[in-house]
Amino acid sequence: MRDNHDFFKRVYEVVKQIPYGKVTTYGAIARKIGAPKSARMVGYALNASFNGEDIPAHRVVNRKGLLTGKHHFQGTNLMQQLLESEGIQIKDHVVQDFKDHFWDPCEID
DNA sequence: TGCGTGACTAGCC
DNA sequence: AGGCTAGCCACGC
């Protein structure tokens, strides 16, 4: 059963499993961990994930491929730079060919 | 203890 | 097709 504490932990586990050069969405993760309605919490969890965990939060974007969380990152374009470094094209803070780079956590399930 | 906010999503107008 | 509203859940004040 576990408590909501695991919710955050599960988010980290899923995000850490995101392959290089791939991105996913909050909803996909939320649904993967069994909380399709708590997509917001996923983003919240990622914000808290900076506890020192190796969470590639930059690989997590919203359903439209928009870098919604980039503003929460240290720099203004850090998130974008990281994604571009992985071969993902970003235009105006939006992932280009998003579905082409989209990685569904259900695939590993 | 209670209201408001937020890295979202889906549905309705 | 595009904009707005509602639902969800945890955390801060």
Side-chain angles (χ1 to χ4, degrees):
Chain A
M1 184 56 183
R2 312 304 169 87
D3 293 316
N4 48 30
H5 178 74
D6 272 309
F7 180 89
F8 280 58
K9 195 167 186 180
R10 289 183 193 197
V11 173
Y12 306 151
E13 291 299 300
V14 175
V15 175
K16 283 196 286 190
Q17 287 169 74
I18 301 174
Y20 181 90
K22 292 285 184 178
V23 293
T24 190
T25 69
Y26 304 97
I29 297 169
R31 191 171 56 183
K32 175 67 174 73
I33 65 182
K37 309 295 190 188
S38 306
R40 298 179 104 175
M41 274 289 79
V42 177
Y44 206 96
L46 288 176
N47 185 19
S49 74
F50 286 95
N51 219 341
E53 304 281 338
D54 292 316
I55 314 296
H58 61 271
R59 290 182 187 151
V60 185
V61 296
N62 74 344
R63 176 179 140 19
K64 296 175 238 183
L66 177 64
L67 282 58
T68 46
K70 81 176 213 67
H71 203 257
H72 281 253
F73 262 74
Q74 300 175 7
T76 345
N77 54 342
L78 175 61
M79 189 173 184
Q80 179 175 329
Q81 292 298 300
L82 288 169
L83 290 171
E84 289 182 325
S85 296
E86 299 192 357
I88 299 173
Q89 284 120 23
I90 310 293
K91 181 65 178 289
D92 193 35
H93 309 149
V94 180
V95 177
Q96 302 301 288
D97 301 309
F98 174 63
K99 51 189 169 84
D100 188 55
H101 291 291
F102 176 66
W103 174 79
D104 193 339
C106 290
E107 288 183 12
I108 62 172
D109 195 27

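Everything numeric here is computed off the predicted structure, so don't read it as measured data. Note on naming: letters A, B, ... go to the chains in the order of the sequence lines (proteins, then strands), and numbering restarts at 1 for each one.
Remark: the backbone N or O of A28(A) is paired with a side-chain donor or acceptor of T25(A) at under 3.5 angstrom. In this structure, R59(A) contributes its side chain and L83(A) its backbone to no donor-acceptor pair below 3.5 Å. Looking at N62(A), its side chain does come within 3.5 Å of a backbone N or O of G65(A) through a donor-acceptor pair.
To the nearest 0.5 Å, atom CD of residue Q80(A) and atom CD of residue Q89(A) are 11.5 Å apart.
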(message) Once pairs are restricted to Watson-Crick or G-U wobble with both distances under 3.5 Å, how does DNA chain C read as a dot-bracket string, [ ] for crossings and | for other-strand pairs?
(response) .||||||.|||||
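A heavy-atom distance below 4.0 Å to DNA chain B is reached by none of the residues of residues 91-102 of chain A.
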Output one line per pair: protein atom, nucleotide atom from nucleotides 2-6 of chain C, and distance, for all N/O pairs under 3.5 Å.
none

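Looking at V42(A) and F7(A), their side chains come closer than 4.5 Å, going by heavy atoms from C-beta outward. Two residues are said to be in side-chain contact when any heavy atoms from C-beta on lie closer than 4.5 Å; F98(A) and I88(A) fail this criterion.
Under a hydrophobic clustering in which Ile, Leu, Val, Met, Phe, Trp and Tyr are joined whenever their side-chain heavy atoms come within less than 4.5 Å, directly or via other members, V94(A) and V23(A) fall into different clusters. Connection of F102(A) to L66(A) is not established within any shared hydrophobic cluster, with ILVMFWY side chains joined at heavy-atom distances below 4.5 Å, either directly or through further cluster members.
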(message) Return a single string for nucleotides 7-13 of chain B, one symbol per nucleotide in 5' to 3' order, where B is base contact, S is sugar-phosphate-only contact and - is none, cutoff 4.0 angstrom on heavy atoms.
(response) BBSS---
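Comment: K16(A) engages E13(A) in a salt bridge, judged by a side-chain N to carboxylate O separation of less than 4.0 angstrom. Ion pairing between K22(A) and E86(A) fails under the 4.0 Å rule for side-chain N and carboxylate O.
Take Y12(A) and apply the ring pair (Phe, Tyr, Trp, His ring centres under 6.0 Å) test, not counting sequence neighbours, and it matches no residue. Listed by chain and number, the residues in a side chain to side chain contact (heavy atoms under 4.5 Å, CB included) with D54(A) amount to none (sequence neighbours excluded).
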